[in-house]
Amino acid sequence: MFNFLDNFDIETFQKDLLSWFSRHKRDLPWRRTKDPYHIWVSEIMLQQTRVETVIPYFERFLEEFPTIEALAEAGEEKVLKAWEGLGYYSRARNLQTAVREVKESYGGVVPDTEDEIATLKGVGPYTAGAILSIAYNKPVPAVDGNVMRVLSRILFIEEDIAKAKTRKIFEQAVREMIPPDSASNFNQALMELGAIVCTPTSPACLLCPVQKECRAFHEGMQEQLPVKAKKKPPKPVKIAVAVLENAKGKFLINRRPKEGLLANLWEFPNCEVEAGKDYKEQLQSFFKNECQLNAVLHEEIMDFDHVFSHIKWELSVFRGTFNNNVMENEEIKLVNLQELQRFPFSVSHKKIIRRLVKWNSD
DNA sequence: TAAACGTGGCT
DNA sequence: TAGCCAAGTTT
């Protein structure tokens, strides 16, 4: 179907790459285990997330949930708290769903076939290949952004790697290149090369173990590859937030909806501000009309931006009080500053909490 | 197919 | 600074 491998010396490439990997691979926590569950956790955490960020989360997560059974039996709130700050929180909820499925349907053993593992929530084509190859040494592709970048340069592939269907081209190439008995090391080596040598900007071609097999380097085109379409900038959204404290020093917090952005995380009550409207007035009418809450808003205490991948929150935070008898339930809590710390919050709301804690200690 | 879905570090 | 990027998946 494709001819990118015509006249390509696969065996020399394998040997040079694997030899380099054995000497230069980083000592990472998930490289000290073959436990498929631990490998799985690492792969989910590493999705769109840097290695240095993941390491402490990985250590803490497996300390708290060391086995499939432990994670399967945990409360979702505990899992989200362990994931707090890591982002893409559906990963955590999907992981727990999938682990429960493995416990119920596979006797607690992570499946080792492409068809079975691909059915698990949160396990897409990359993660399926990563677990099968790294934990079970099965010769299947694990094509992530690193692999597409590396191979786009090595094989001079000019397809747009931002397009979903492009991944299949690279999977086909890997299926033809992967050594049947060294799948784990080969896939990890491709990714490691992308992380350490064949970087997005300023690749270290002079240190590259497969420089002589690289068609882009041969043409001086390594900086031009891979081809990747630009994504559109995040859309600005104005958010007005209220830090409401009652006479007993309790703060009002609520749980976010169970789907969508930051699903099931906790937050201070807030609303979106319509274009051209005043933050404080919008917030005041939000409480009056939509919450039936008798809130009195005071001065603005914070003003900052928080950027997601597709949205930019422009937050303005107001201090305030309330004197209703608020009914606590699964979605609404009244908690003091210490109790706040037990709930999972997104980073933007954690930032507000940090400010409150600082003031409280001053 | 393309948009939704987080965060922090680097240039 | 503002944009780009990192071991992607779901809908």
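Note on naming: letters A, B, ... go to the chains in the order of the sequence lines (proteins, then strands), and numbering restarts at 1 for each one. Keep in mind the model is a prediction, meaning the values are calculated, not measured.
Hydrophobic cluster of A:L334: the remaining members, joined at side-chain heavy-atom separations below 4.5 Å, are A:L244, A:L252, A:V273, A:Y279, A:L283, A:F286, A:F287, A:L293, A:L297, A:F318, A:F322, A:V326, A:I332, listed by chain and number.
Spacing of P atoms, C:dC4 relative to B:dA3, comes out at 15 Å, to the nearest Å. Going from the P atom of B:dG6 to that of C:dT11 covers 13 Å, rounded to whole Å. Rounded to a whole angstrom, the distance from the C1' atom of B:dT1 to that of C:dT10 is 13 Å.
Within the 4.0 angstrom heavy-atom criterion, no nucleotide atom of any strand lies near A:W83. Among the atoms of the strands shown, base atoms are found under 4.0 Å from some heavy atom of A:V51. A:P233 comes within 4.0 angstrom of nothing in the nucleic acid, heavy atoms only. As judged by a 4.0 angstrom heavy-atom cut-off over every strand, A:L95 is placed among residues making no nucleic acid contact.
For A:E101 and A:Y106, the side-chain atoms include no donor-acceptor pair closer than 3.5 Å. For A:N137 and A:S184, the side-chain atoms include no donor-acceptor pair closer than 3.5 Å. A:E300 and A:S316 share a side-chain donor-acceptor pair at under 3.5 Å.
Between the NE2 atom of A:H349 and the C1' atom of B:dG6 there is a distance of 13 Å, rounded to whole Å. Rounded to whole Å, the distance from CZ on A:F308 to C1' on C:dG3 is 18 Å. Regarding A:M191, its CE atom lies at a distance of 17 Å from the C1' atom of C:dC5, rounded to whole Å. The interatomic distance linking A:K163 (NZ) with B:dA3 (P) rounds to 10 Å, in whole Å. Between the P atom of B:dA4 and the OH atom of A:Y88 lies a distance of 12 Å, rounded to the nearest Å. For the pair A:K235 NZ and B:dA3 P, the interatomic distance rounds to 13 Å; values are reported in whole Å. When rounded to the nearest whole Å, the span between CG of A:L86 and P of C:dT9 equals 15 Å. If you measure from atom CD of A:Q47 to atom C1' of C:dA6, you get 12 Å, rounded to the nearest angstrom.
Proximity of residues 252-267 of chain A to DNA chain B (heavy atom under 4.0 angstrom from any strand atom) is restricted to A:G260, A:L261, A:L262. Within residues 31-46 of chain A, the residues approached by DNA chain C to less than 4.0 Å at the level of any non-hydrogen atom are A:R31, A:E43, A:L46, in residue-number order.
If A:A128 and A:K228 are placed on DNA chain C by their nearest nucleotide, the residue sitting closer to the 5' end is A:K228. Sequence order on DNA chain B of the closest nucleotides to A:S309 and A:K165 puts A:K165 first from the 5' end.
The side chain of A:Y89 places an N or O atom within less than 4.0 Å of a non-bridging phosphate oxygen (OP1 or OP2) of B:dT7. Within the 4.0 Å cut-off from OP1 or OP2 of B:dA3, not a single side-chain nitrogen or oxygen of A:H310 is found.
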Intermediate values then yes/no, side chain to side chain contact (heavy atoms under 4.5 Å, CB included), A:L71 and A:K103: CA-CA 10 Å; A:L71 182 57; A:K103 185 187 172 193; over 6 Å; no
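In this structure A:E114 satisfies the salt bridge (Lys or Arg N to Asp or Glu O under 4.0 Å) test together with A:R175, sequence neighbours excluded. With sequence neighbours left out, A:S309 forms a side-chain hydrogen bond (donor to acceptor under 3.5 Å, both in side chains) with no residue at all. Applying the side chain to side chain contact (heavy atoms under 4.5 Å, CB included) criterion to A:S182, with sequence neighbours excluded, gives A:L18, A:P179. Among residues two or more places apart in sequence or in another chain, the side chain to side chain contact (heavy atoms under 4.5 Å, CB included) test is passed with A:C208 by A:L193, A:V197, A:V210, A:Q211. Partners of A:K288 according to the side chain to side chain contact (heavy atoms under 4.5 Å, CB included) rule, which considers only residues two or more places apart in sequence or in another chain, do not exist here. Looking at residues two or more places apart in sequence or on another chain, you find no side chain to side chain contact (heavy atoms under 4.5 Å, CB included) involving A:H218.
Counting only residues at least two apart or on different chains, the ring pair (Phe, Tyr, Trp, His ring centres under 6.0 Å) pairs with a member in residues 55-81 of chain A are A:W30-A:F58, A:F61-A:F65, A:F61-A:W83. Counting only residues at least two apart or in different chains, side chain to side chain donor-acceptor pair (under 3.5 Å) contacts with residues 158-167 of chain A comprise A:R167-A:E171.
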Nucleotide N/O to protein N/O under 3.5 Å, stretch nucleotides 8-11 of chain B:
residue: B:dG8; atom: N2; partner: A:R50; partner atom: NH1; Å: 2.4

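Closest to the side chain of A:R149, out of B:dT7, C:dA6, B:dC5, is C:dA6.
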